[in-house]
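Single-structure report; data block below.
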There are 2 protein chains.
Amino acid sequence: MQKISPSTAIDHLPHLAYDSVIFGFSGTQLKILIMEYHNTNIFALPGGFVLKNENLNDAVRRGLKERTGLDNIHLEQFYTFGDADRNNAEPMRTILVKNGLSPEKYHWMLERFISVAYYALINYKDVVPQPDALSDSCRWYPVNALPPLMMDHALIVEKALQTLRDNLDRKLARGNLLPPKFTMKELQQAYEAILGTSLLRTTFQRRMLSLNLLERHEKQYSGGAHKAPYLYSFIRFEAS
Amino acid sequence: MQKISPSTAIDHLPHLAYDSVIFGFSGTQLKILIMEYHNTNIFALPGGFVLKNENLNDAVRRGLKERTGLDNIHLEQFYTFGDADRNNAEPMRTILVKNGLSPEKYHWMLERFISVAYYALINYKDVVPQPDALSDSCRWYPVNALPPLMMDHALIVEKALQTLRDNLDRKLARGNLLPPKFTMKELQQAYEAILGTSLLRTTFQRRMLSLNLLERHEKQYSGGAHKAPYLYSFIRFEAS
DNA sequence: CTATTATTGTCACGAATTGAGACAATAGGA
DNA sequence: TCCTATTGTCTCAATTCGTGACAATAATAG
């Protein structure tokens, strides 16, 4: 949730929110940005609301920019969660109270919300996560060690992962999960972290090269006592 | 759009709608249900609104039931369209006027709508399309010969097709595009209509059989002067 | 300077899958 | 009984994939 003021209710479309599953990759781990609300032990995906005259996609881009400082990120919408009972008013009431806001004045926040979910693949190192008005932290958590999430956010993460997993080739190539240049090993580790399986090195390398999505650059001398790997980058095609 | 009354505005979530791309298959053609509004020459996808306490998915199911009489149909949500300018008030105003409804009273229908889009694969023969209060026809049109559609509905159809095309195997097996029993040729024609390409008969047959999704039944004696084909049906797995 | 070691890029070979045609087995009609 | 259109299956080559082998390093240790 983004900056909140009493006017938020009238500036924004009612009953509509978005949530974002922001993936990052560090070492061998796939991570997600998770927010924690002040003094509540309540964890949630970063989300926000849509201005009355704003494109839905722009609203999410705006939120992501506030959260990560990053612009021009490839966002992919993957599902809209619309069960009537997905909003449990209790945690939100707690969040308001602990933030010194009156649940009466902010009653609109306790109502039902339909949430459009997006995911983004961003470069872990480029980001300094920014908590927002209601939350005191916005941190990376490994996907397989998430804190308990409020409402249906665990389900949203699960669906994001499922979506990401199929046609992963194209998705990784468009996102920014890896730095601009990376080794084949790093690429393989990213695949393995996302798919949750281990892959055969030689087969993987052959398949990646045959996709014609990679450009080969100079070698990377890591200081290790072994052959230096090539660096690769994705060949970027026009925005479709 | 479904039944409309002055109370619709307060019974439903504001600014939220759904649209459905209902696919049917007849002969060799893939078709879609399209509505035409009374005396307007305005064509649109069947859609509707969501009750304040209704699950989004249930709202769509309800609309589909009204439109086709069919229950228990596999619906798949595929995208939410949220551009601020996707709603052009003019056609909707025309529709209201031509239906003898005052644009002032029904002003909420002219506002911005976010629309969650679903597709369904249903058996052409099971359906007697039902127009709703505002429309005078609800008819099948071949996907490649659609009338000009209002707003961004052509885009919605395009995206539905794109979505349907990948992982078509699983999707066809879950939907009801074909009758309960069908020949291999009918199955191939459905694939070809959806993918827009022609497929090799022998390769297709081998691939289909190797998927272990089909059960073989008795032969169909069509009256034609040639070998009778087997009938097949999809093996239905538990709902996931 | 040479031997050692961990890694990486590539190749080789059999297994599995796919493309494309051949062919036998019908179900009627002539 | 023969003919024809269609269907089910097989074959063979082409391609892709799983798997291991192997040579080419980039330091480090002796």
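Everything numeric here is computed off the predicted structure, so don't read it as measured data. In the text below, chain A, chain B and the rest are named by the order of the sequence lines, each starting its count at 1.
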Query raised in the report: Just wondering, more than 12 heavy atoms not from A:N144 lying within 6.0 Å of its CG?
Result: yes
Query raised in the report: Just by distance, do the side chain of B:S20 and the backbone of B:I22 share a donor-acceptor pair under 3.5 Å?
Result: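 Flag not set: sc B:S20 to bb B:I22 has no pair under 3.5 Å.
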Does a salt bridge link [X] with [Y], judged by any charged N lying under 4.0 Å from a carboxylate O?
X      : Y      : value
B:R61  : B:D71  : no
B:E54  : B:R62  : yes
B:K181 : B:E218 : yes

Roughly, in whole Å, what's the span from [atom1] in [X] to [atom2] in [N]?
X      : N      : atom1 : atom2 : answer
B:L209 : D:dT9  : CG    : C1'   : 10 Å
A:Q205 : D:dT16 : CD    : P     : 17 Å
A:F204 : D:dT19 : CZ    : C1'   : 17 Å
A:Y230 : C:dT7  : OH    : C1'   : 14 Å

Query raised in the report: Going by number, which of residues 181-200 of chain A have a non-hydrogen atom under 4.0 Å from DNA chain D?
Result: A:L200
Below 3.5 Å between N/O atoms, which protein atoms pair up with nucleotides 12-14 of chain D? Just atom names and distances, please.
none

Requested in this report: Scan nucleotides 22-30 of chain C nucleotide by nucleotide, 5' to 3', and note B when protein non-hydrogen atoms come under 4.0 Å of the base, S if they reach only the sugar-phosphate, - if neither.
Outcome: B--BBBB--
Requested in this report: Would you check, one step at a time, whether the test ring-ring contact (aromatic ring centres under 6.0 Å, His included) holds for B:Y18 with B:F49?
Outcome: CA-CA 6 Å; B:Y18 67 83; B:F49 307 112; 8.0 Å; no
Query raised in the report: Hey, are the side chains of A:V116 and A:V50 touching, using non-hydrogen atoms and a 4.5 Å cut-off?
Result: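 No, their side chains stay 4.5 Å or more apart.
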Query raised in the report: Is B:M150 close to B:Y37 at the side-chain level, that is, under 4.5 Å between some pair of heavy atoms?
Result: yes
Query raised in the report: Quick one: does NZ or CZ of B:R216 land under 6.0 Å from the six-membered ring centre of B:Y232, within 45 degrees of the ring axis?
Result: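 Cation-pi check for B:R216 and B:Y232: fails.
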